[in-house]
Amino acid sequence: MNPTPPPHPVVEHLDRGPLTKHEMAARVARDIPHGSYVNLGIGQPTLVADHLPDGAGVVLHTENGMLNMGPAAQEGEIDPDLTNAGKIPVTELPGAAYFHHADSFAMMRGGHLDICVLGAFQVSAAGDLANWHTGAPDAIPAVGGAMDLAIGAKRVFVMMSLFTRDGAPKLVPECTYPLTGLRCVDRVYTDFATFQVGSGGATVLETFGISFADLAERLDGPLSRR
Amino acid sequence: MNPTPPPHPVVEHLDRGPLTKHEMAARVARDIPHGSYVNLGIGQPTLVADHLPDGAGVVLHTENGMLNMGPAAQEGEIDPDLTNAGKIPVTELPGAAYFHHADSFAMMRGGHLDICVLGAFQVSAAGDLANWHTGAPDAIPAVGGAMDLAIGAKRVFVMMSLFTRDGAPKLVPECTYPLTGLRCVDRVYTDFATFQVGSGGATVLETFGISFADLAERLDGPLSRR
Amino acid sequence: MSVRVCADPDEAMAGIEDGSTVLVGGFGMAGMPVELIDALIRQGATELTVVSNNAGNGDTGLAALLDKGRVRRIVCSFPRQSDSWVFDRLYREGRIELEVVPQGTLAERLRAAGAGIGAFYSPTGAGTPLAEGKETREIAGRTHVLEYPIKGDVALIGAHRADRMGNLVYRRTARNFGPVMATAATTVVAQVHEIVDIGALDPEAVVTPSIYVDRVVRAVSAA
Amino acid sequence: MSVRVCADPDEAMAGIEDGSTVLVGGFGMAGMPVELIDALIRQGATELTVVSNNAGNGDTGLAALLDKGRVRRIVCSFPRQSDSWVFDRLYREGRIELEVVPQGTLAERLRAAGAGIGAFYSPTGAGTPLAEGKETREIAGRTHVLEYPIKGDVALIGAHRADRMGNLVYRRTARNFGPVMATAATTVVAQVHEIVDIGALDPEAVVTPSIYVDRVVRAVSAA
């Protein structure tokens, strides 16, 4: 047995502030291998598409029944029969395929998507995801495809701001909001840091505009450094 | 409540012999309503297609993935990519549709076919079917789609000779051969008689070349007359 | 049995009874059978259970059916939308029951009804509030939730073209729930943009075979 | 991940290991990936479990694979045919294990593997010898049998056309098990008659989307 190689140190980007939404999207895009089949969740994750370079060969899935979805439709291109899961008019790329809802979710549940990028209210260090319900007693529950996406893809990336507007961490020891899926998240991309989560707990891969030490102080629970 | 109407007497066709195979097929065809979706099992049931009148509007299903199958292919029409469940080259009628095996059997199991016509080794008075295995210890088991067809169609018709070559009845109080399906058969069309089977037991609807009394004598178990 | 080509959407609503379970296709407006829903409102059936991905948008279509008080219960994945004010009001007033089902589980439960599957184990939702009270089983080291079929008395779906036998093709993402719901209801009604002759559809490209379709009607608003 | 367009069937067999479960498409000869099976014979993997509707015909293709002693176990619906003498001999000599599965259950168990369904209850086979030892449950007054997924390490299927992304269309009843097996294996290899440019297939008529396909190869014998 070779000895375990020494861990790469966590990369601290201290010469800059936290990432903007577009920088977060670009950061996620960098981690999507050539030729991947990817579902980008409603909201912020949609921005990732703008940062995939031409020739990345990434094929986008939309759970309402399409592979090789193109960018949002521009004026004159709008077709009410062609939308993404957020009901935004989109376009079709060459090599597209359409299928019905049971087939589309079979594709997700069956683990055929390489990566799914989702937003979140909370992610736990173990990879539990809460992104469908704030738990407010008067909220009308609405889950859509969130639970199917959470458990289906080979790798689930979460993209979110690390803190709420009130400054509370969204990466938590245990989720307090109702769960979307158990132990399903692999990576968490935030404005302040990128994390690996899972059975080994939360590990910081890099920070932006904050040191590891300061980050660890602002979060609850143990935090490893790579 | 109106009083139950008096039963039609069983029709005894005594001026003729038992039905030939083609006459049995024609007899079955007469009971297939206009516009029915029908699966004809491998072997003798296939003959029924030859006796459906033009304009009967009957749509044939073949479990290897097709609706609106046409007659057997003639020389010059043979396409190795177009066969029925017996692997016989067939043809396609206008309005046909192709689908894969899971969809084809979902159609069957889901109860969408109006009628399925099957051959049988034995049928019980309660409607149990045995048509896949003789029970011989050295026989290689092979079931194909028989069990799916038996339980799926809205009505299951069996078409068979009433007696084995040795003269043993194939309509029996209880099947002795391994079962294909429990309580699944509705009607049994044979050379000597047509029967209704099911929870009410076996009822003779008509006889051919034999009287009800003689028929009852040659069969085991109770037999009603309509 | 043979399909009936109806003269108008009202004819296509014949026989829908109070208390029916009605499957309504569409994802947002794509594939939404708007003219059939309008005809269902005119037809008057009430105490309905509606199964649909959403719970109505704006004031028309499904939202109008809800607004008339015809729907006792709705089964859907995503009722809450920016323009679902009709549903929101009824729900907050306690005048409509809601069953929220994950979207893929909704599709699969409909498929199960159409495919004669008695129940199935799905990993979706395990450990979440939507699995509370449901039977679970560990399979291959993963918790699965037992889910049962959703069968409709009637399905109202939107498709692109029908032939005169009832074969259907769809257009782009308007396909969504249509093909699944078409397998899952006793009476299936399709609103289409065009009705073509038998033989005019490519048999390799038919998505819903005629066996599933009972009534077709050309949308009056069809181009 | 992106599809690999292979130069020949031998390249398409790379990495298939001894002991693999191999799903083999086709119903009779329609959709049978004969050139892939021949290449698998040359490749040499052994101790295989084969899942296919039949157990080989004549002396070629699947029958030849069996005859070489490469198959430890076969899962199929209908092994016994007029020309299945190779299988028949091996079976009677006790040199091959057989699991007989009703054809629709075979298709549905493959679908379940592809669709992430942990198990399902089917009425097919209830009360028959093929359900012996299986868990059952009464659902809606009917006995159902609990059935588990069949997942392959490799699927070898025959299709009609592929585009260079791996989207597949089939031809007539040669479609059969291909689309289902394509969802159910880790590595999916398709033998096709023709490989066309991306964009040449109608997106509405694609039967197997590219996501399921890992390797495609044009059949040498293709017209």
Side-chain angles (χ1 to χ4, degrees), chain A residues 42 62-67 69 73 79-92 96-111 128-133 135 138-152 175 177-184, chain C residues 25 27-32 53-55 57 76-82 84 87-88 91-92 98-112 114-115 122-131 142-143 158 160 170-183 207-208:
Chain A
I42 295 174
T62 182
E63 60 262 39
N64 51 321
M66 181 187 193
L67 274 173
M69 178 175 65
D79 177 346
D81 285 347
L82 181 51
T83 76
N84 66 13
K87 282 121 184 171
I88 310 289
V90 292
T91 53
E92 168 192 304
Y98 296 102
F99 29 84
H100 62 57
H101 244 83
D103 279 350
S104 185
F105 281 79
M107 192 180 285
M108 291 156 64
R109 199 190 309 105
D128 294 348
L129 172 68
N131 77 345
W132 74 287
H133 200 301
D138 66 336
I140 296 176
V143 70
M147 289 184 180
D148 310 273
L149 284 164
I151 59 93
C175 294
Y177 287 162
L179 289 183
T180 307
L182 276 170
R183 309 225 176 324
C184 55
Chain C
F27 184 86
M29 291 310 292
M32 180 64 68
N53 189 60
N54 303 110
N57 305 79
C76 67
S77 88
F78 209 77
R80 187 190 65 218
Q81 299 189 276
S82 58
S84 61
F87 168 80
D88 294 5
Y91 181 76
R92 292 193 195 285
L98 170 66
E99 180 181 351
V100 175
V101 180
Q103 199 169 132
T105 303
L106 184 63
E108 190 70 12
R109 289 175 64 189
L110 290 162
R111 180 195 178 269
S122 169
T124 304
T128 77
L130 294 190
R142 202 172 185 192
T143 305
H160 184 48
Y170 300 80
R171 200 170 159 276
R172 300 187 139 176
T173 58
R175 186 182 300 196
N176 58 70
F177 280 94
V180 190
M181 289 183 170
T183 69
V207 173
T208 295

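This one's a predicted model, so the numbers in the text were calculated from it and none came from an experiment. In what follows, every chain begins at residue 1, and chains take the letters A, B, ... in the order their sequences are listed.
Interface remark: of the candidates C/Ala55, C/Gly178, C/Gly31, C/Ala174, C/Ala174 forms the most heavy-atom pairs closer than 4.5 Å to chain A. Most heavy-atom pairs under 4.5 Å with chain A: of the set C/Cys76, C/Pro179, C/Gly104, C/Ala107, this distinction falls to C/Gly104. For chain C, the option among A/Asp148, A/Leu149, A/Asp128, A/Val90 with the highest count of heavy-atom pairs below 4.5 Å is A/Asp148. Taking C/Arg172, C/Glu108, C/Arg80 one by one and counting their heavy-atom pairs under 4.5 Å with chain A, the maximum is reached by C/Arg172. Counting heavy-atom pairs closer than 4.5 Å to chain A, the top-ranked of the candidates C/Pro79, C/Ser77, C/Ala126 is C/Ser77. The candidate with the highest count of non-hydrogen atom pairs below 4.5 Å against chain C, out of A/Pro80, A/Cys184, A/Pro141, is A/Pro141. Most heavy-atom pairs under 4.5 Å with chain C: of the set A/Met147, A/His101, A/Arg183, this distinction falls to A/His101.
Residue C/Tyr170: no heavy atom, backbone or side chain, is found under 4.5 Å from chain A. In this structure, chain A has a heavy atom under 4.5 Å from the side chain of C/Arg111, while its backbone stays farther away. Proximity to chain A (any heavy atom under 4.5 Å) is restricted, for C/Leu98, to the side chain, taken from C-beta onward. Both the backbone and the side chain of A/Pro178 come within contact range of chain C, with heavy atoms under 4.5 Å apart. With a threshold of 4.5 angstrom between heavy atoms, A/Ser104 does not approach chain C through any atom at all. Within the 4.5 angstrom heavy-atom criterion, no atom of C/Ser84 approaches chain A. Proximity to chain A (any heavy atom under 4.5 Å) is restricted, for C/Tyr91, to the side chain, taken from C-beta onward. A/Asp79 touches chain C through its side chain: at least one heavy atom from C-beta onward sits under 4.5 Å away, while N, CA, C and O do not.
Looking only at atom types and distance, the side chain of C/Asn54 has a donor-acceptor partner in the side chain of A/Lys87 under 3.5 Å away.
With rounding to the nearest 0.5 Å, the separation of CG in A/Leu182 from CZ in C/Arg142 is 10.5 Å. Rounded to the nearest 0.5 Å, atoms NE2 (A/His100) and OG1 (C/Thr183) are 8.0 Å apart. Taking CD of C/Gln103 as the reference point, atom CZ of A/Phe105 lies at 3.5 Å (rounded to 0.5 Å).
The main-chain N or O of A/Asp138 is found under 3.5 Å from a side-chain atom of C/Arg92 such that the two form a donor-acceptor pair. Side chain of C/Thr173 to main chain of A/Gly65: no donor-acceptor pair is present (N/O by atom type, distance under 3.5 Å, no hydrogens or angles). No side-chain donor-acceptor contact under 3.5 Å links C/Arg171 to the backbone of A/Asp81.
Here the side chains of A/Arg109 and C/Ser122 are in contact, with some heavy-atom distance below 4.5 Å. The shortest distance between side-chain heavy atoms of A/Trp132 and C/Leu130 falls below 4.5 Å. Counting heavy atoms from C-beta on, the side chains of C/Val207 and A/Tyr98 never come closer than 4.5 Å.
Looking at A/Ile151, A/Leu179, A/Thr180 one by one, the single match for side-chain contact (heavy atoms from CB on, under 4.5 Å) with C/Thr128 turns out to be A/Leu179.
Across all their heavy atoms, A/Val143 and C/Pro102 have their closest contact at CG1-CA, 3.6 Å. Scanning both residues, A/Ile140 and C/Phe87, for their nearest heavy atoms gives CG2-CE2, 3.7 Å.
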